[in-house]
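Here's the structure we're looking at; comments come further down.
Computed over heavy atoms, backbone and side chain alike; hydrogens, waters and symmetry mates excluded. Chain naming here is simple, since letters A, B, ... match the order of the sequence lines and numbering starts at 1 in each.
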Amino acid sequence: MKVRTLHSWPATADEAEAVQDRLRPLLDLTGSGPAEVGTVAGLDVSYEEGTDRLAAAVVVLDAATLRPVEESVVIGTAAFPYVPGLFAFRELPTLVEALERLTTVPDLLVCDGHGLAHPRRFGLACHLGVLTGLPSLGVGKTRLVGSYDPPGEPRGSMSDLVDAGEVVGRVLRTQDGVRPVFVSAGHRIDLDTACRHVLALAPDYRLPETTRRADRLSRQALAGPLPA
DNA sequence: GCGACAG
DNA sequence: ATCTTGTCGC
């Protein structure tokens, strides 16, 4: 599939923040979300210790059966230092390349990291949504911003994630008794629809099958034969 | 000034 | 993200 560029690569943290502020208005936060989701793509990145070598993986699943229909992995390098709030710039170039090698155009992107639950309301999920034009959502394993009350213990329990007085995401328990995940909208989807999809994608484990599969793929790619 | 801080 | 032993719980 094709992915737009929309901006030059930032050289400094200030420039990176400026990019986020400039792309932020391009977000489509109206409407409830994709009408029909046939395929869902999961994205994840694994890093090699000590170096800036990484592997970005995209796995497309059939939304109904959760069976993989296409995979894509690309070895690359971290394109930015890790700075909370600017995390997306590390993985974006390699993730985009992996997406571009995809034959299937997925109906939804499930990203590892936050969407609107971000200090400037433009996390990785928002960024990828705008660049691809596809509906996207973020699933974070830990909090970046916001406060919340602990959700109930049963699977499906949730509570609002609130930052600066606004609901930026939801804390969702995907399995009985496990640590909850942080779900936020990225692009062209609302929070309720996002949570509904994440729950459906996580029938057996804490993390959605999309990210679990992408995680496995990216790790095996890193371990695999290094290019001569 | 002292914490907090996606992956 | 990644490095790591034992340990608690079902």
Side-chain angles (χ1 to χ4, degrees), chain A residues 10 13 16-17 19-20 23-24 27 42-59 73-96 98 109-131 136-148 153-155 161-164 167-172 174-187 191 194-195 198 204-208 210-224 226:
Chain A
E17 288 189 15
V19 168
Q20 294 179 328
L23 298 188
R24 169 77 182 73
L27 284 175
L43 301 81
D44 192 29
V45 172
S46 291
Y47 295 79
E48 185 178 71
E49 38 146 336
T51 64
D52 57 352
R53 183 163 172 272
L54 54 77
V58 182
V59 176
V73 211
V74 174
I75 300 295
T77 48
F80 211 79
Y82 173 68
V83 179
L86 300 179
F87 158 68
F89 293 95
R90 278 178 83 66
E91 323 188 323
L92 225 34
T94 315
L95 279 174
V96 165
L109 260 36
V110 176
C111 310
D112 63 310
H114 301 287
L116 291 178
H118 174 278
R120 281 172 300 285
R121 307 292 178 261
F122 201 77
L124 175 65
C126 298
H127 208 136
L128 281 169
V130 167
L131 294 188
S136 66
L137 64 85
V139 178
K141 294 181 286 296
T142 61
R143 181 202 76 103
L144 174 60
V145 295
S147 56
Y148 59 95
E153 288 304 311
R155 160 182 156 86
L161 179 63
V162 181
D163 183 49
V167 177
V168 296
R170 203 156 280 156
V171 187
L172 171 67
T174 53
Q175 297 293 322
D176 293 355
V178 304
R179 270 192 305 151
V181 297
F182 299 77
V183 180
S184 57
H187 182 54
L191 192 50
C195 287
V198 171
D204 300 319
Y205 297 93
R206 176 187 178 230
L207 297 179
T210 36
T211 65
R212 296 187 75 237
R213 277 256 168 60
D215 179 76
R216 268 199 299 140
L217 183 55
S218 63
R219 293 197 192 206
Q220 74 168 56
L222 263 193
L226 10 171

Expressed as a whole number of angstroms, how long is the span from A:L92:CG to B:dG7:C1'? 13 Å
A:R219 side chain near C:dT2 phosphate (N/O to OP1/OP2, under 4.0 Å): yes
Please work out if A:L54 contacts a base, only the sugar-phosphate, or nothing of the nucleic acid, heavy-atom cut-off 4.0 Å. nothing
Quick one: is the NZ or CZ of A:R212 closer than 6.0 Å to the six-membered ring centre of A:Y205, and within 45° of its axis? yes
Nucleotide of C:dC3, C:dA1, B:dA6 approaching A:P84 most closely (side-chain heavy atoms): B:dA6
Measuring to OP1 and OP2 of B:dA6, would you say a side-chain N or O of A:R143 lies under 4.0 angstrom away? no
Looking only at side-chain atoms of A:E49, point me to the closest of C:dA1, B:dA6, C:dC3. C:dC3
Using whole Å, what does the distance between atom P of nucleotide C:dA1 and atom CZ of A:F89 come to? 20 Å
Can you tell me if A:K141 touches the phosphate of B:dA6, counting only side-chain N or O atoms and a distance under 4.0 Å to OP1 or OP2? no
Provide, to the nearest angstrom, the distance between the CG atom belonging to A:L207 and the P atom belonging to C:dA1. 9 Å
Output yes when a side-chain donor or acceptor of A:H118 lies under 3.5 Å from a complementary backbone atom of A:L86, and no otherwise. no
Pick base, sugar-phosphate or nothing for A:G50, based on heavy-atom distances below 4.0 Å to the nucleic acid. nothing
What's the CG-C1' distance between A:D112 and C:dA1, to the nearest Å? 10 Å
Does A:S46 put a side-chain nitrogen or oxygen below 4.0 Å from OP1 or OP2 of C:dT2? yes
Aromatic-base stack, A:Y82 on B:dG7, cutoff 5.5 Å, angle under 30: yes
Using ring-ring contact (aromatic ring centres under 6.0 Å, His included), reason through A:F87 and A:H114 one step at a time and then give a plain yes or no. CA-CA 10 Å; A:F87 158 68; A:H114 301 287; 9.3 Å; no
Distance in Å, A:D215 CG paired with A:T210 OG1, rounded so as to fall on 0.5 Å steps: 11.0 Å
Distance, rounded to the nearest Å, where A:Y47 contributes OH and C:dT2 contributes P: 9 Å
Any side-chain heavy-atom pair from A:T94 and A:T77 closer than 4.5 angstrom? no
Roughly, in whole Å, what's the span from CZ in A:R53 to P in C:dT2? 13 Å
Spacing between A:R216 atom CZ and C:dA1 atom C1', to the nearest angstrom: 19 Å
Between atom CZ in A:R120 and atom P in B:dC5, what is the gap in whole Å? 16 Å
Look at all strands and tell whether A:G123 reaches a base, only sugar-phosphate, or nothing, counting heavy atoms closer than 4.0 Å. base
Report which part of the nucleic acid A:L43 touches: base, sugar-phosphate, or nothing (heavy-atom distance under 4.0 Å, all strands). nothing
